[in-house]
J.: 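Pasting a structure here, questions to come.
Throughout, protein chains are lettered first and strands after them, A, B, ... in sequence-line order, and every chain is numbered starting at 1.
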Amino acid sequence: MENQPVLRLDDIYKDFGETKVLKGISLDILPGEFITLLGPSGCGKTTTLRIIAGLETATRGRVLIDGQDVSSLPPEKRPVNTVFQNYALFPHMNVYNNIAYALTLRREKKEVIREKVTRLLELVQLPGFEKRMPSQLSGGQRQRVAIARALVLEPKILLLDEPLGALDLQLRRQMQVELKTLQEKLKTTFIYITHDQEEALNMSTRIAVMNEGHFEQVGTPEEIYEHPVTRFAASFIGQANILEGVVEEKGEKSRVKLDQGGVIYVNEQIDAGVRVAVSVRAERIDYAAASGFGFQVPGVIERHSYIGGVLRTTIKLTGGQEILITGANPISDYPDGAAIQVFWDPNTAAVVERS
Amino acid sequence: MKRKAGWASQLYIWLVLFVMYLPMIVVVIYSFNSSRYSNWEGFSWTWYERLFSDRDIMQTLKNSLVLAFFSCSLAILLGTMGAVGMARSRFRTQGLLENVSLMPMMLPEIILGMAYMALFSLSNIPFSMLTLIIAHTTFCIPYVYVNVQSRLVGLDPAYVEAARDLGATQSRAFYDITLPLIAPAVLNGALLAFAMSMDDVVISFFVAGTRSQTLPIQVYSMLKSGVTPEINALCTLMLLAVFMAIALFSLFRALIKQRRRRQEEGR
């Protein structure tokens, strides 16, 4: 039973008229996971969430919760609750009635409701706010009420649709920590939507990178960041440089001749003649007069720019492509225009495309 | 900041108001004249006493109130249902249908009146309170519909979705969430509809039966035999009622605004 997924998306398609919004997505989510759907706007992540909640019906495919097919159940019959993007607190009800609403629908006893609402308000750190109207709350407070309201039925899965999108950066960082702590305390499965990579990396146990209606990659934040499997996953998260070339020689570490001029090694066995695209993070690249790891990638330093905490260096390769390097050392030994060699540890790069 | 109005513009505003209200002021003054004619002969309540003992006027006033109440209630029901239904569905002739349903607001009343008369006499329905209610309901519906519809357009669908998500069935969500949120618009439309029904002469004239005359028709027919001060008294009372209604309404609105402002400050 331990490994029974709490939620299974089984090959889900969704069309809105002519537009295909979801093109066959499948995903198993285990109990207690904090999973983030990460992608640019319009990639289908909100639609996915709405299909799980039952606010939208899939054109094809099934949604299973605890092994039960809920595809045809209306939203009120599903053991999931949602924190909406703009919170959607009922404007004509005070905080108490907003949180209590789901319980009054179930005809719970007054004392039971009172006790639960009080406990939830403590949980989201808003004790004593019962009588306030939503219009009297700040963005962060509304956010907490919306979370409390969605948790009142103790759902198996909590869906959160860009819940921090409307908050300023500082509050957002604070809420990220609070949400994560809350989730660890409750052990409820969280499915979280965002287009903010930092948020995703910071909070999730797993990230599903979405693009144009399908999953590009599903994995832990570390896997996604260090070993992206597609060009999109690599470039959507973090600062990635993508270099293309052709494998010259297969080996423990295969040798790749870059289109831009130069030779690198990748940490994979790939047949000679295969075209590859290699992604390497800006902070993993090094440069010096003498190369390392057997690389031969000559370049010229275009410019340095100090952006607080790190030095960002742009280097132009022989073929003209610019690559971006960030280094913790604010002072570089090489001035603008210096000819250098670029290299990195092949373990830190990932092959994101081969053809 | 608004600029303070100069004395010239102040004077102008008061002058315009004076000219606008002059006829009504005259009516009010003459309602207290003890003479039947236009010479002032002293203050008296005579015409008010006459008015209240005039069985025709009292009966037609009752008719008008009953008529306004029923047609307004029906218009609330049908107009709201129509607006909600239209907001939920999407079909090709929707725009056309919407415009057609607003027609009664724009058509000349005389045409509507004639149409109703023709319809009722062709289908052998005797002119009575029933025909009045049917006709009034028809031209009252658009006032409710337009108000509710524009409120619904601005209503975030997420409220209802949130209610569904928390376990409310579709009808429960409508009752708990949509209805309270559109209530002010329904009220607005109903007030307008009530006023429209209360003062309608033209349409009522065509479809009222002999025993179901309305107050405006009664006033109109009394005027045919010359202005009696009794009508002045009636007009004065109606003016008073309207002013009181407006005052109540503004007070209500001011209270809501004040509460809202206090809430904003509470942030």
Side-chain angles (χ1 to χ4, degrees), chain A residues 16-17 46 49-50 52-56 73-94 97-108 129 131-142 145-146 148-153 155 157-159 161, chain B residues 80 83-84 87-95 147-148 150-189 252-267:
Chain A
F16 286 116
T46 295
L49 206 69
R50 290 173 62 84
I52 300 171
L55 298 168
E56 213 82 70
L73 288 185
E76 64 266 26
K77 297 237 170 77
R78 300 191 185 193
V80 299
N81 286 116
T82 309
V83 176
F84 286 82
Q85 194 161 12
N86 295 313
Y87 319 138
L89 296 179
F90 307 132
H92 57 301
M93 295 184 191
N94 63 20
N97 288 332
N98 259 288
I99 300 175
Y101 183 68
L103 298 174
T104 51
L105 286 175
R106 296 193 166 189
R107 302 179 185 286
E108 296 275 357
F129 274 67
K131 293 269 180 294
R132 301 270 194 107
M133 297 301 283
S135 59
Q136 291 170 280
L137 302 175
S138 69
Q141 291 166 341
R142 281 179 209 189
V145 175
R149 184 177 70 174
L151 285 174
V152 76
L153 294 178
I157 303 166
L158 187 70
L159 308 173
D161 188 359
Chain B
T80 307
V84 171
R88 271 192 200 158
S89 46
R90 287 276 158 271
F91 51 90
R92 245 197 307 167
T93 50
Q94 197 162 14
N147 268 289
V148 176
S150 64
R151 177 84 183 102
L152 279 172
V153 167
L155 199 67
D156 188 349
Y159 294 138
V160 169
E161 286 177 350
R164 297 290 305 275
D165 190 62
L166 292 167
T169 56
Q170 195 172 356
S171 50
R172 190 65 206 251
F174 176 77
Y175 180 77
D176 287 343
I177 309 300
T178 313
L179 210 53
L181 292 178
I182 62 172
V186 175
L187 189 73
N188 258 341
F252 186 63
R253 267 225 300 245
L255 277 176
I256 288 180
K257 227 181 216 170
Q258 199 183 17
R259 215 178 85 181
R260 204 169 286 159
R261 198 172 321 121
R262 221 177 289 145
Q263 285 175 1
E264 303 283 311
E265 281 162 8
R267 267 188 191 185

J.: More than 12 heavy atoms of other residues, nucleotides or ligands under 6.0 Å from OH of B/Tyr175: yes or no?
T.: no
J.: Does a side-chain heavy-atom distance below 4.5 Å link A/Val145 with A/Pro134?
T.: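 No, side chains not in contact.
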J.: Does the ring of A/Phe129 carry A/Arg132 above it, NZ/CZ under 6.0 angstrom from centre and within 45° of its axis?
T.: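 Cation-pi check for A/Arg132 and A/Phe129: passes.
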J.: Could you tell me the separation between the CG atom of A/Asn97 and the NE2 atom of A/His92, rounded to the nearest 0.5 Å?
T.: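 NE2 of A/His92 is found 9.0 Å from CG of A/Asn97.
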J.: Give, as side chain, backbone, both or neither, the part of A/Leu89 having an atom under 4.5 angstrom from any heavy atom of chain B.
T.: backbone
J.: So which bits of residues 154-162 of chain B come within less than 4.5 Å of chain A, counting non-hydrogen atoms only?
T.: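 Those residues of residues 154-162 of chain B which have a heavy atom under 4.5 Å from chain A are B/Ala158, B/Tyr159, B/Glu161, B/Ala162.
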J.: What part of B/Ile177 lies closer than 4.5 angstrom to a heavy atom of chain A: side chain, backbone, both or neither?
T.: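 Contact with chain A involves both backbone and side-chain atoms of B/Ile177.
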J.: Does any backbone or side-chain atom of A/Arg78 lie under 4.5 Å from a heavy atom of chain B? Answer side chain, backbone, both or neither.
T.: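 It is neither, since no heavy atom gets under 4.5 Å.
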J.: With distance as the sole test, does B/Arg164 use its side chain to make a donor-acceptor pair with the main-chain N or O of A/Glu76 at under 3.5 Å?
T.: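 Side chain of B/Arg164 to backbone of A/Glu76: no pair is present.
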J.: Can you confirm whether B/Val84 sits close enough to B/Phe174 that some side-chain heavy atom of one is under 4.5 Å from a side-chain heavy atom of the other?
T.: yes
J.: With distance as the sole test, does A/Asn81 use its side chain to make a donor-acceptor pair with the main-chain N or O of B/Asp165 at under 3.5 Å?
T.: yes
